[in-house]
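Take a look at the structure set out below.
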Amino acid sequence: MNFTEGDERRALREAVAALGRRYGHEYFAAKARSGEKTDELWAEAGRLGYLGVAVPEEYGGGGGGIGDLAAVCEELAAAGCPLLLTVVSPAICATVVARFGTEAQKRRWLPGFADGTTKMGFAITEPDAGSNSHRLTTAVRRDGDEWVLNGGKYYISGVDEVEAVLVVARHVDSTGNRLLPSLVIVPTDAPGFTYRHIPMEVVSPEKQFTCFFDDVRLPLDALVGAEDAGLAQLFAGLNPERIMAASFATGMARRALDLASGYARTRTVWDVPIGSHQGVAHPLAQCAIQVELARVMTQKAAALYDAGEDRAAGEAANMAKYAAGEAVAGAVDQAIQVHGGNGLSSEYGLGAMLAASRLSRIAPVSREMILNFVAQHTLRLPRSY
């Protein structure tokens, strides 16, 4: 076993970190607060090949794995530019298309994912089902040479800036019975597809939306993969999502700790830096340990996924997501405490991270559902829900 990243991965991290620092938190926050998008950063990351590191080489990508893309996500977040759509478009959507798409679908979508010119959303959560695929009511049925999609989704990221949305829907047969879930690509300009902004307290350029599908007609090649593939196909996208969400969180946590430790080294009270007091130093050290543990678990999950060990990767990805969510929530909270009143001032940029870090314990899967998963599948305890 090897617990060190290779030269190529380390070089990727350094290059992405340099890009992120060149734009920086001030750029990101200004865009978010003004309602603008971080298009310049996204476009440059795409041109440099960072967004497409996990896309197969024959379609213009870097030919790497989800671990490489997770490194990109983490370094941008650590530099103060956490791009939420990296978790969705190049991770979930590109991975699903690469693994299950037809050759025509791959030629249509993967080059755009590789160079960042294509953004795609992902829609699974529903008001009455959350992300429970067994309770989804959004349905797709075949009508001649078309699919017809009806239903709704909510808390879907970035719908206003993507070209299409990869929608999880359950098939309906001729008798009206709902069958297994599958995935369809829905252009955002398709007739019958509408969406509404959900105001959020999180300061982010990427907005959240409720989506409505009213007799949306799609060509047969809108279906990605087999219509009876069910959960195996779905989790090919959800496991990378959890790995990326963990990297998103650990990147934010690293930034919070960098800010806090820098402040603790330079803020002097009673003639000594406040970081010389164990009451400040020890909580930060504990946070640093938790962040590093989460990073190691995330790298393990990515390595398992890239090795094709889907079942083991699912367990590790859930654990990594849980650990990272707890780590970032603790790190941001402690960083704010170290700064005192300055922790909530706009100058230091920590207050805006509070809601975002708390969200990491909820989305894309809640800490409680991960605990349910680990209890049932790792510990083999009776199902509790």
Side-chain angles (χ1 to χ4, degrees), residues 12-48 50-51 70-90 116 119 157-158 160-161 197 199-208 244-245 247-267 274-275 284 287-288 291 324 327-329 331-360:
L12 174 65
R13 284 187 180 276
E14 291 173 5
V16 174
L19 173 66
R21 287 193 299 269
R22 184 150 51 80
Y23 283 86
H25 170 72
E26 292 75 15
Y27 160 85
F28 182 87
K31 290 288 186 179
R33 294 187 187 282
S34 66
E36 298 179 75
K37 307 300 181 186
T38 51
D39 292 335
E40 303 90 348
L41 174 55
W42 182 277
E44 186 166 357
R47 286 195 305 272
L48 293 171
Y50 302 150
L51 299 178
V72 171
C73 179
E74 181 184 351
E75 293 305 325
L76 287 174
C81 299
L83 298 183
L84 180 58
L85 279 183
T86 60
V87 179
V88 179
S89 185
K119 293 180 185 178
S157 303
D160 61 333
E161 56 181 305
H197 175 231
M200 302 286 290
E201 293 296 324
V202 179
V203 180
S204 173
E206 294 97 348
K207 308 302 181 185
Q208 300 298 312
M244 292 290 289
S247 294
F248 189 89
T250 56
M252 281 198 297
R254 285 170 52 197
R255 174 168 173 76
L257 289 178
D258 283 347
L259 291 170
S261 57
Y263 190 83
R265 287 192 296 269
T266 57
R267 171 67 167 161
I274 61 173
L284 288 177
C287 288
V291 171
V328 69
V332 171
D333 182 76
Q334 190 58 42
I336 290 173
Q337 193 69 25
V338 166
H339 281 76
N342 285 333
L344 295 176
S345 70
S346 297
E347 177 185 355
Y348 290 87
L350 283 165
M353 295 175 67
L354 188 60
S357 65
R358 188 62 181 80
L359 183 61
S360 292

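Source: prediction; values computed, not measured. Any value given below was found using the heavy atoms of this structure, including those in side chains, with hydrogens, waters and symmetry copies removed. Position 1 is the first residue of the sequence; numbering continues from there.
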| field | Closest non-hydrogen atom pair between Val338 and Ile274, with its separation | value | O-CD1, 3.8 Å

| request: Rounded to the nearest 0.5 Å, what's the gap from CG on Leu51 to CD on Glu44? Could you check? | output: 11.0 Å

| said: If I take atom SG from residue Cys287 and atom CD from residue Gln334, how far apart are they, to the nearest 0.5 angstrom? | reply: 5.5 Å

| said: Nearest 0.5 Å, please: how far is CG in Leu259 from CG in Asn342? | reply: 12.0 Å

| request: Give, for atom NE2 of His339 and atom OG of Ser345, the distance between the pair rounded to the nearest 0.5 Å. | output: 8.0 Å

| Step by step, would you call Leu12 with Tyr50 a side chain to side chain contact (heavy atoms under 4.5 Å, CB included)? | CA-CA 8 Å; Leu12 174 65; Tyr50 302 150; 3.8 Å; yes

| remark: For Thr38 and Tyr27 the tightest heavy-atom approach is CA-OH, 3.3 Å

| For Leu344 against Gly351, the heavy-atom pair lying closest together | CD2-CA, 4.2 Å

| note | Taken to the nearest 0.5 Å, the spacing of Glu14 CD from Glu75 CD works out to 9.0 Å

| query | To the nearest 0.5 Å, how far apart are CE in Met244 and CD in Glu74? | reply | 10.5 Å

| Are Arg358 and Asp333 within salt-bridge range, i.e. N to O under 4.0 Å? | no

| task | Could you tell me whether a side-chain N or O of Lys31 sits under 3.5 Å from a main-chain N or O of Pro205, the two making a donor and an acceptor? | result | no

| field | Other residues, nucleotides, ligands: >12 heavy atoms within 6.0 Å of Gln337 CD | value | no

| said: Run the side chain to side chain contact (heavy atoms under 4.5 Å, CB included) test on Leu257 and Leu284 for me, step by step, so that the C-alpha distance in whole Å, both residues' side-chain angles and the decisive distance to 0.1 Å come before the verdict. | reply: CA-CA 7 Å; Leu257 289 178; Leu284 288 177; 4.0 Å; yes

| Phe28 versus Val203, closest heavy-atom pair with distance | CE2-O, 4.4 Å

| task | Find out whether the Lys NZ or Arg CZ of Lys119 is both under 6.0 angstrom from the six-membered ring centre of Trp42 and within 45° of the ring's axis. | result | yes

| note | Tightest non-hydrogen contact, residues Cys73 and Val87, listed as SG-CG2, 4.3 Å

| query | Can you tell me if Ser89 uses its side chain to pair, donor with acceptor, with the backbone of Leu85 under 3.5 Å? | reply | no

